[in-house]
J.: 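Here it is: the structure, laid out below.
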Amino acid sequence: MSAEGDVRSIRIRELEQLRSLGHDPYAFEEYPTSHLPAEIHERFSELEGTVVSLPGRITSLREMGKASFADITRDGARIQVYIKKDDVGDPAWEIFKLVDIGDIVGVKGEVFKTRTGETSIHVRELAVLAKCFHALPLGKEKEGQRWYGLADVEERYRRRYLDLIANPTSRKLLIARSRIVQETRRYLDARGFLEVETPVLEHEVGGAAARPFITFHNALEIELKLRISLELHLKRLIVGGLDKVYEIGRVFRNEGISTRHNPEFTLLELYQAYAKMEDIQQLVEELVRHVAVEVFDSETITVDGRAVDFSKPWHRIDLLEAIERYAGVSPSAFDDLESAKAALERVGISSEDEDSVGGIIEKLLERFVEPELLEPTFVENYPLETSPLAKTHPANPRLTRRFEGYIGGREICNAFSELNDPIDQRTRMERQAEMLAAGNEEANPVDEDFLYALEIGMPPTGGLGIGMDRLAMILGGADSIRDVILFPTLRPLSPEE
RNA sequence: GAGCCGGUAGCUCAGGGGUAGAGCAACGGCCUUUUAAGCCGUGGGUCGUGGGUUCGAUCCCCACCCGGCUCACCA
């Protein structure tokens, strides 16, 4: 018999013993919480001697014959409880003897300090509300140092509940992610943006370069695809007169998995009619500052060990100038494909698979510029070829009024003045469709209805996309996107596991 | 998809051609203010899976599975 199977059968036996004592844990539907552990610690002087009621999980047990200390963890904080046979009486003591680490219990008793000075609850009443059938991977902790815990990353992602119980840092990070999304909403709502929901299941995808997931609707007998962006639906709403809209929604891209990519992730897109690129830049600066202050209580956040002050405006740099500065390739190299490929080879990158100047520019950006952009920076004026939905730059028809924002060398947003010329848009979509036909699975087909919407007339509009997972990674200090996603995509275990 | 690294007790890890160890957790005993509680004792492992080499494999070889990192991919 394995040790773990042993624990489980022992715990189930204890459950039966509890029931035979007339105490059925699963019969409880509630247990009052008068004060949370954090509150008891904070307000000890005022609560000393008063009776509190607290349910929570047992995370440590120190038994000493006819008395015991245990820790109850609740809401991310722990408090010690002291239980003594003479104080609770024999029946309750019998129940307590069947309590294990991991069980959910409820206690009532008065607040006091032990002689070693630890704020505790002197238990007078005890109830078991749920048994834990397994040994929990709880770490031991002293003076902020941890000895053990759940370190296996695979187990942490597959069994997030154990990770949340065992690792306070995981709990804090995932709560921070939730708060970042919440404060993003609050900021946008306060500025008059309307939150909307648009379809996840689409006939054709668009708005980004990515391969979609494909599924099937039985009743309609049609293939449907999971959206890869929110863009084309939201811009239809701008056409319809909803001047400030946003959606925070899940999008799905059928591509590789890495520390920065999960097949499904949360994207914020917003569109503001009668606003231009610079207005959106200002919005990003204010939004990130708002989130930093509200979630982390500070305008300054440490990103990769470096203090970043979000009260200051972000740096602005022209994309081609940035490439000249960091890669040493002058803008004239991008006059035609041949010289662009030659320039790429010159800096030591194969140009074999490159078929557009825009693609080469973005490759150089990624390789040489992005890692340098530690301070919050907007890179401006992206190539038209790789920006099929952005307005053409008035000074250079090969560029667009598009920018991306970087912090700590990582891209966090993509934004532009939206292309609202239906004829130009049709040309660009047709070019995409040709690429799709030629075998580029990340290109999009022509969206006739979207073009019709533009023909109705879309006001000049500024748009923005922020990967919320990436934002949470950067602000929360996570190395992997999986750390800010509750249940990241993993391969399934074999059936017997 | 490629390369590298990893998978040993419930957890965290060590070990290494003669079929395995520690701490925590668990179980039994002692202990009525402990806190990495302590003391005494006990149990627990198809060493990721399947083949191969060998008298003998957890260890060496091959394949596969799962994960991590890097790269590719990701306008």
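Naming convention: chains lettered A, B, ... in sequence-line order (proteins, then strands); numbering from 1 in each chain. Everything numeric here is computed off the predicted structure, so don't read it as measured data.
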J.: Is a side-chain N or O of Ser170(A) found less than 3.5 angstrom from the main chain of Leu164(A), in a donor-acceptor match?
T.: no
J.: Measure the distance from CZ on Phe403(A) to P on rA75(B) and round it to the nearest whole Å.
T.: 17 Å
J.: Of the nucleotides rC11(B), rU32(B), rU34(B), which has the atom closest to the Ser120(A) side chain?
T.: rU34(B)
J.: Nearest whole angstrom, please: distance from the C1' of rA75(B) to the CG of Leu319(A).
T.: 12 Å
J.: With the side chain of Ile101(A) defined as its heavy atoms from C-beta on, choose the nearest nucleotide among rC27(B), rA26(B), rG68(B).
T.: rA26(B)
J.: With a 3.5 Å distance limit and no angle check, can you tell me whether Ser351(A) reaches the backbone of Glu354(A) through a side-chain donor-acceptor pair?
T.: no
J.: Using only heavy-atom distances, determine whether the side chains of Asn414(A) and Arg402(A) contain a donor-acceptor pair under 3.5 Å.
T.: yes
J.: Which value, in whole Å, describes the distance between the C1' atoms of nucleotides rG17(B) and rC4(B)?
T.: 26 Å
J.: Expressed as a whole number of Å, how far does the P atom of rG16(B) sit from that of rG6(B)?
T.: 14 Å
J.: NA contact type, Arg402(A), heavy-atom cut-off 4.0 Å: base, sugar-phosphate, or nothing?
T.: sugar-phosphate
J.: Under 4.0 Å, heavy atoms only, any strand: does Pro383(A) hit a base, just the sugar-phosphate, or nothing?
T.: nothing
J.: With C1' as the reference atom in both, quote the distance from rU19(B) to rU8(B) in angstrom, rounded to an integer.
T.: 13 Å
J.: Please tell me which of the listed nucleotides, rU12(B), rU34(B), rA26(B), lies nearest to the side chain of Ala151(A)?
T.: rU12(B)
J.: Taking atom P of rC31(B) as reference, at what distance in whole Å does atom CZ of Phe69(A) sit?
T.: 17 Å
J.: Categorize Glu255(A) for me: base, sugar-phosphate, or nothing, with a 4.0 angstrom heavy-atom threshold over every strand shown.
T.: sugar-phosphate
J.: From the options rA26(B), rG67(B), rC73(B), select the nucleotide whose nearest atom is closest to the side chain of Glu442(A).
T.: rC73(B)
J.: Measure from the side-chain heavy atoms of Arg11(A) and tell me the nearest of rU12(B), rC27(B), rG10(B).
T.: rC27(B)
J.: Arg158(A) CZ to rG10(B) P: how many Å, rounded?
T.: 18 Å
J.: When you check the phosphate oxygens OP1 and OP2 of rA72(B), does a side-chain N or O of Arg367(A) lie under 4.0 Å from one of them?
T.: yes
J.: Would you kindly give the CZ-to-C1' distance between Arg62(A) and rU34(B), to the nearest whole Å?
T.: 6 Å
J.: Looking only at side-chain atoms of Leu389(A), point me to the closest of rU33(B), rA75(B), rU12(B).
T.: rA75(B)
J.: Would you mind telling me which residue lines up with the more 5' stretch of RNA chain B, Glu385(A) or Arg260(A), judged by nearest nucleotide?
T.: Arg260(A)
J.: Send over the distance from Asp86(A) CG to rU32(B) P, rounded to a whole Å.
T.: 10 Å
J.: Looking only at atom P, what distance separates rA9(B) and rG21(B), rounded to whole Å?
T.: 14 Å
J.: Can you find a pair of side-chain heavy atoms, one from Leu267(A) and one from Ile466(A), that are under 4.5 Å apart?
T.: no
J.: Is Arg115(A) side chain donor-acceptor paired with the rU33(B) base, going by distance under 3.5 Å alone?
T.: no
J.: Using a cut-off of strictly less than 4.0 Å, decide whether Arg482(A) has a side-chain nitrogen or oxygen near OP1 or OP2 of rG68(B).
T.: yes
J.: Under 4.0 Å, counting only non-hydrogen atoms across every strand here, what does Tyr382(A) touch: a base, just sugar-phosphate, or nothing?
T.: nothing
J.: Any idea how Phe213(A) and Phe252(A) line up, ring-wise: parallel (<30°), tilted (30 to 60°), or perpendicular (>60°)?
T.: perpendicular
J.: Starting at the 5' end of RNA chain B and moving along, which residue's nearest nucleotide shows up first, Glu155(A) or Glu362(A)?
T.: Glu155(A)
J.: Given the P atoms of rC31(B) and rU46(B), what is the spacing between them in whole Å?
T.: 36 Å
J.: Going through the checks in order, is the salt bridge (charged side-chain N to carboxylate O under 4.0 Å, His left out) test met by Glu231(A) and Lys235(A)?
T.: CA-CA 6 Å; Glu231(A) 180 150 1; Lys235(A) 284 201 267 196; 2.8 Å; yes
J.: Counting only distance, no hydrogens or angles, is the base of rU34(B) paired donor-acceptor with the side chain of Gln80(A) under 3.5 Å?
T.: yes
J.: Students often get this wrong, so: under 4.0 angstrom with heavy atoms, is Ala208(A) touching a base, only sugar-phosphate, or nothing?
T.: base
J.: Separation of Leu136(A) atom CG from rA25(B) atom P, in whole Å?
T.: 12 Å
J.: Considering only the C1' atoms, how many Å lie between rC47(B) and rA20(B), rounded to the nearest integer?
T.: 8 Å
J.: Distance check, C1' atoms only: rA14(B) and rG28(B), in whole angstrom units.
T.: 28 Å
J.: Using the side-chain heavy atoms of Ser480(A), tell me which of these nucleotides is nearest: rC11(B), rA26(B), rC69(B).
T.: rC69(B)
J.: Would you please test Arg250(A) and Glu264(A) for salt bridge (charged side-chain N to carboxylate O under 4.0 Å, His left out) and show each step?
T.: CA-CA 6 Å; Arg250(A) 204 72 64 85; Glu264(A) 53 178 304; 2.5 Å; yes
J.: Looking only at the side chains, is there a donor atom on one of Gln281(A) and Glu380(A) sitting less than 3.5 Å from an acceptor on the other?
T.: yes
J.: What integer number of Å spans the P atoms of rG45(B) and rC69(B)?
T.: 33 Å
J.: When you measure from the side chain of Met64(A), which nucleotide among rA75(B), rU34(B), rU70(B) comes out closest?
T.: rU34(B)
J.: For rU33(B), take OP1 and OP2 only and decide whether either is under 4.0 Å from a side-chain N or O of Lys66(A).
T.: no
J.: To the side chain of Leu490(A), which of rA75(B), rU34(B), rG68(B) is closest?
T.: rG68(B)
J.: Measure from the side chain of Ile10(A), starting at C-beta and using heavy atoms only, and say which of rA26(B), rU32(B), rA75(B) lies closest.
T.: rA26(B)
J.: May I have the distance from Glu154(A) (atom CD) to rG7(B) (atom P), rounded to whole angstrom?
T.: 13 Å
J.: Output yes when at least one side-chain N/O atom of Arg491(A) is less than 4.0 Å from OP1 or OP2 of rG67(B), else no.
T.: yes
J.: Under 4.0 Å between any heavy atoms, over every strand shown, what does Glu366(A) touch: base, sugar-phosphate, or nothing? Just pick one.
T.: base
J.: Can you see if the side chain of Thr259(A) gets near the phosphate of rU70(B) - specifically, an N or O under 4.0 Å from OP1 or OP2?
T.: yes
